[in-house]
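What follows is a single structure, written as structure tokens, with notes after it.
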Amino acid sequence: MSVLVDADTRVVVQGITGGEGKFHAEQMIEYGTNVVAGAVPGKGGQEVAGVPVYDTVHEAVRQEDADASVVFVPPAFAADALFEALDTSLDLVVAITEGIPTQDMATVNRRLSETDTHLVGPNCPGVITPGEAKLGILPGNIFASGNVGLVSRSGTLTYQVVDNLTNRGIGQTTAIGIGGDPIIGTSFIDALELFEADPETEAVAMCGEIGGEDEEEAAEYIATQMDTPVAAFIAGRTAPPGKRMGHAGAIVSGSGTGTAESKINALNDAGVPVGDTPEEVADHIEGYL
Amino acid sequence: MSVLVDADTRVVVQGITGGEGKFHAEQMIEYGTNVVAGAVPGKGGQEVAGVPVYDTVHEAVRQEDADASVVFVPPAFAADALFEALDTSLDLVVAITEGIPTQDMATVNRRLSETDTHLVGPNCPGVITPGEAKLGILPGNIFASGNVGLVSRSGTLTYQVVDNLTNRGIGQTTAIGIGGDPIIGTSFIDALELFEADPETEAVAMCGEIGGEDEEEAAEYIATQMDTPVAAFIAGRTAPPGKRMGHAGAIVSGSGTGTAESKINALNDAGVPVGDTPEEVADHIEGYL
Amino acid sequence: MRLHEYQAKGIFADAGIPTPDSRLATSVDEVVDAGAALGYPVAVKAQVHVGGRGKAGGIEIATDDDELREAADAILGMDLKGYHVDRVLVESAVDFVNELYLGVTMDRGEGEPVAMVSSEGGVDIESVAEETPEAIAREGVDPAFGMHPYQARKAVYEAGVPRDVSRAVASVLETLYDLWESKDASEAEINPLMVTDGGDVVAADAVLNVDDDALFRHPDLADMEEESYTDDLERKAGEYGFDYVRLSGNVGIIGNGAGLVMATLDLVDHYGGDPANFLDIGGGAKAERVTNALDMVFSDPNVDSVVFNIFGGITRGDEVARGINDALSQFDEIPKPVVVRLAGTNASEGMEILDTSLVQVEETLEDAVQRAVANAEEVQS
Amino acid sequence: MRLHEYQAKGIFADAGIPTPDSRLATSVDEVVDAGAALGYPVAVKAQVHVGGRGKAGGIEIATDDDELREAADAILGMDLKGYHVDRVLVESAVDFVNELYLGVTMDRGEGEPVAMVSSEGGVDIESVAEETPEAIAREGVDPAFGMHPYQARKAVYEAGVPRDVSRAVASVLETLYDLWESKDASEAEINPLMVTDGGDVVAADAVLNVDDDALFRHPDLADMEEESYTDDLERKAGEYGFDYVRLSGNVGIIGNGAGLVMATLDLVDHYGGDPANFLDIGGGAKAERVTNALDMVFSDPNVDSVVFNIFGGITRGDEVARGINDALSQFDEIPKPVVVRLAGTNASEGMEILDTSLVQVEETLEDAVQRAVANAEEVQS
């Protein structure tokens, strides 16, 4: 089993006619993902990466029965593409696009809260269930099928941790790159809930980083509602405090939150070991299995 | 028993310092309604009609534990007042104000759909549970306590029908003036559901009029989900078709809907007798009791 | 409030929607000058608030000065379904290969705006909606978010608009929606949106009806309001601020509240009478409005008998009674018999005040209507 | 992107928020002219992107020409926490009886905007937030509907703003929110909003930080961007378009992806080293960017050793390897030892391409960092 995606997931690629969209559509198909269509306004009737392109997501769903989308649409048009995906009631939308304005994402997430769709990202590497399907830009070859769930705010750091796992023969149920933007569709808790509910996921590795309070909230969730063991890595212990001019953000978030120390303490208090190196995370995970 | 309001309902009057607001607050209190506060920005600390005025509905709720409001705020500011009432999670909001722009109401109703609040109106005479409480501008003296629920799109027509009932000794559990605007908070069905769930309401009189399809939908509800007997009056049998220039509205509503004939047929098909005169409605109701 | 075609087109053009070159004209000479300036062929279009202008003779095409003068002569000054034509729009005729329909309105049932596109424009779109509803693509809009660009595109693709103009049509629809929203419109429509040989789109007609209740925030639009009724009574009702509709019968009806007035009309009909009008004096009506209302029904030569039906909530019976007494005491002889029925707030005080030498008083709605119908029959016999 | 105070104030003033009379000046003479024109007392305020300007000597009050000249001399040209002061705002000092705080930002935890009002403005508002959070009224805003007028009033009343200015302050907050939204701001702030004796309100400071990702739709704001770094390396990073932060250590770090670069810094620290910088070359980095990145760390005199850590997803290992070879082959002697670790897409191809006469190659992140730390220690010893 797995979470979010598997070999049956029928994927439409929004923005498939762009350079990145086309390249990664091909990569996804090569990996074995069931990519059934592309959606690009005005390009309906074309064929790209061997799949038909439709003008609207709606049409792609009607014609090809798609139930998930991957979004490679440029930032200026990404919010519109996400609304289109949400309003078409897909089960899963993975937003790869980097640089979507934060206010756009606040509006998208407001709509998301009213739907049953899972939105992963934006500004994320995607979701992969090794051997079955990948939706996004993750390098498929470093993943292996197995029983560890992985959730990460960072792209390349995810690959690093996965590499450490795979190299010692530990495969993954599903890896979810949730993205590092201030406002994202799937939080750590959302991903942890999915893994907790998945009988095949025996342990979870989570990669956090400084900023926000998502990791602290996840620690609370793990302590109170999660049986599956978790090991974590937190990037940014040595990062200098950012330079700010305004104070509004600091008032809202409160001082002393969002630091690596605060996150590591919260996780340790929740019984989650935090590795000093990615290798140490792999050690902890190996200990769970 | 009753629906929506009773002697325990704690009412805040929004716009109590205006002419209409003050007059009707006094009338409501004289009727015995538990008016606990007024809310008018900038007028906090005053006392009007014997109750304290607060700057915000929030403060009126915090200080006086209000759970319902009546809105007499002028049309230009009414939508804002309604959002304030909805966001303060009152159980009931009765909007008397006439002339609220339709687009404003569409936005208010969008928010309403996410809350547990009942909004009655706008452009309605209000809600009364005879002998207990009235929220609005209905003339209390024509009502009598009893076992008939009344729901109406029209103001003065409501009074007419109530008068016919009261004059022959038939009292009312609660009367709800839902208002005749294109977009209203409480539909016929919403009101009928409340009466259906109320064990004391033994029969329901409904007063509809031409336009929209609310009566037709109510007929469907009565036929399929309602045990309490209903008798109806439909105003506008002899009304000439309106003069229109655009067609968009007609396309959406479809031709042949919204006429008195369509409503009367739908109701008759649902087993609801439609009186030719208000007296005949009272005859039918009397027959049910 | 309904804008004239030329007013709506001006607003559409300002917002970037392509419209034909045109000029407004109020005299035959102006029309001919406009034709010369625009170049033939031109269309001459009566600017009145009437549907089906074309069939009623309110639109003519002219290919030279003579035809144009003839058309202008025929249209200017004509009576078009009760409206006096005092101005026409002279407009370059557009060569088209396709006619589309675009519209935005409030879907009352859903409580949300809806945008519509059809590739079968230029015709009676209501018939299209009835006979082939699938030919009209509809896109409901969430009022919390407004219309997303993808929705405009989706409606255009679903309607089967020719692919070479789909982007242009979606852009016009986005603008039309924005106008609908920003102008507080009840309806915004383009029918037809013409598609030319060269792949351009042009709004050949324009409808923009504005929510009367929202005019307070659109003083510029409110200033555009101009009625040109040929009916004196309807003009008078506008001046008095009454909700008034003239009908064909002889029983004049005055009441408070649209529902109650409609019910009174229905009862007149039910008891064999024939309503002469719908007249709602509104809530909280003061004495002056009562006087004005009586003036209106007395001014209608068709009226033989009047029924005055007031159920007081805000409106107070004693105030109404005083208004009736005042209005009627100005006459040496009451021109038409008036039956009054007061109920509700201060009704008994009102009944006492009423001067029964001027009016007939009834206690119930049914009795009042029956008596008014009988009075009318008496006059006729 | 952070606007300067004078830029933000200009935008606030255009939107109708009252601000003091002021002039921008770049020389001592201009400052003195401005003082004479405005009338004393005036404030001279350094226009740099630094918090706590006042305490750092970046703001002075002058009551006559001499004081003003002295203040201008002191502030213009000063180095304020790493920024060169090349312009000051000369502003009429405001007599106030109260100082308020207004702010709008995105509440990341709630995923919605939040508006804030405090009657304890003019001070370190973050301390107020920490010590007496109840002194700051917060109003979450539903992004689907925007801020309702009642919310601005509610925040003002809850903050205990003096009643005689509550309406004026609510109006400023509404405008501030509208600006925050329409300018795609991350933060919009007024601290203090001064309340004068006469019951007027004046924005004595102005903060408007704009979402970099939204600058594409605000070309006017993007044009305002001006950095005045005193640090050459940070300026260079800006030109190259790198995400770069200079630190105090001697191990130069280059990587792709913020999380991985942060993790590399953490590992340098973990293995006893001291990071010299954070440098993220981003995704899909081409050879030229690799060359530029090496140029940057080599230009930093503090750097004794470099670790280059690439995990390829979009970024291809062979491309990176070629970039490294190209960049290093330009040197007769490699200025600082470089440890390279490639993983992910085309990593093995990259490893093969890498010229080991130029760089040291390691297979794992841990080994690469340890070797770079050892290299740095060797240089220092």
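Every heavy atom of this structure was used, including side-chain atoms; hydrogens, water molecules and symmetry mates were not.
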For chain C, which candidate among [options] shows the most heavy-atom pairs at distances under 4.5 Å?
{"options": "B:Gly212, B:Gly155, B:Gly180", "answer": "B:Gly212"}
{"options": "B:Val161, B:Asp276, B:Thr107", "answer": "B:Asp276"}
{"options": "B:Pro278, B:Ser113, B:Pro125", "answer": "B:Pro278"}
{"options": "B:Asp214, B:Asp163, B:Leu138, B:Asn141", "answer": "B:Asp163"}

Atom group of [X] that falls short of 4.5 Å from chain C, counting heavy atoms:
{"X": "B:Asn164", "value": "side chain"}
{"X": "B:Ile100", "value": "backbone"}
{"X": "B:Asn109", "value": "neither"}
{"X": "B:Pro182", "value": "both"}
{"X": "B:Glu114", "value": "neither"}
{"X": "B:Ile183", "value": "side chain"}
{"X": "B:Glu98", "value": "neither"}
{"X": "B:Arg153", "value": "side chain"}
{"X": "B:Ser154", "value": "side chain"}
{"X": "B:Phe23", "value": "neither"}
{"X": "B:Asp181", "value": "backbone"}

Looking only at non-hydrogen atoms, find the nearest pair between [X] and [Y] and report the distance.
{"X": "C:Phe278", "Y": "C:Leu265", "value": "CA-CD1, 4.1 Å"}
{"X": "C:Tyr244", "Y": "C:Ala237", "value": "CB-CB, 3.4 Å"}
{"X": "C:Gly111", "Y": "C:Pro143", "value": "O-CG, 4.4 Å"}
{"X": "B:Gly126", "Y": "B:Val94", "value": "CA-CG1, 3.7 Å"}
{"X": "B:Ser152", "Y": "B:Thr158", "value": "OG-OG1, 2.8 Å"}
{"X": "B:Val274", "Y": "B:Ile264", "value": "CG1-CG1, 4.0 Å"}

Side chain to side chain donor-acceptor pair (under 3.5 Å) involving B:Asp80 - partner list, sequence neighbours excluded: D:Arg153
Any salt bridge between B:Asp283 and B:Arg168, counting N to O under 4.0 Å? yes
Basic-acidic side-chain contact under 4.0 Å: C:Glu363, C:Arg341: no
On the 0 to 90° scale, with breaks at 30° and 60°, tag the C:His49-C:Tyr83 ring pair as parallel, tilted or perpendicular. perpendicular
Closest-packed option against chain B by number of heavy-atom pairs under 4.5 Å, given C:Asp212, C:Asp269, C:Asp184: C:Asp184
For each of C:Asp107, C:Val369, C:Asp142, C:Val268, tally heavy-atom pairs with chain B at distances under 4.5 Å, and name the one with the top tally. C:Asp142
State whether a side-chain donor-acceptor pair under 3.5 Å links C:Asp211 with C:Ser186. no
Please flag which part of C:Glu181 lies under 4.5 Å from any non-hydrogen atom of chain B: side chain, backbone, both or neither. both
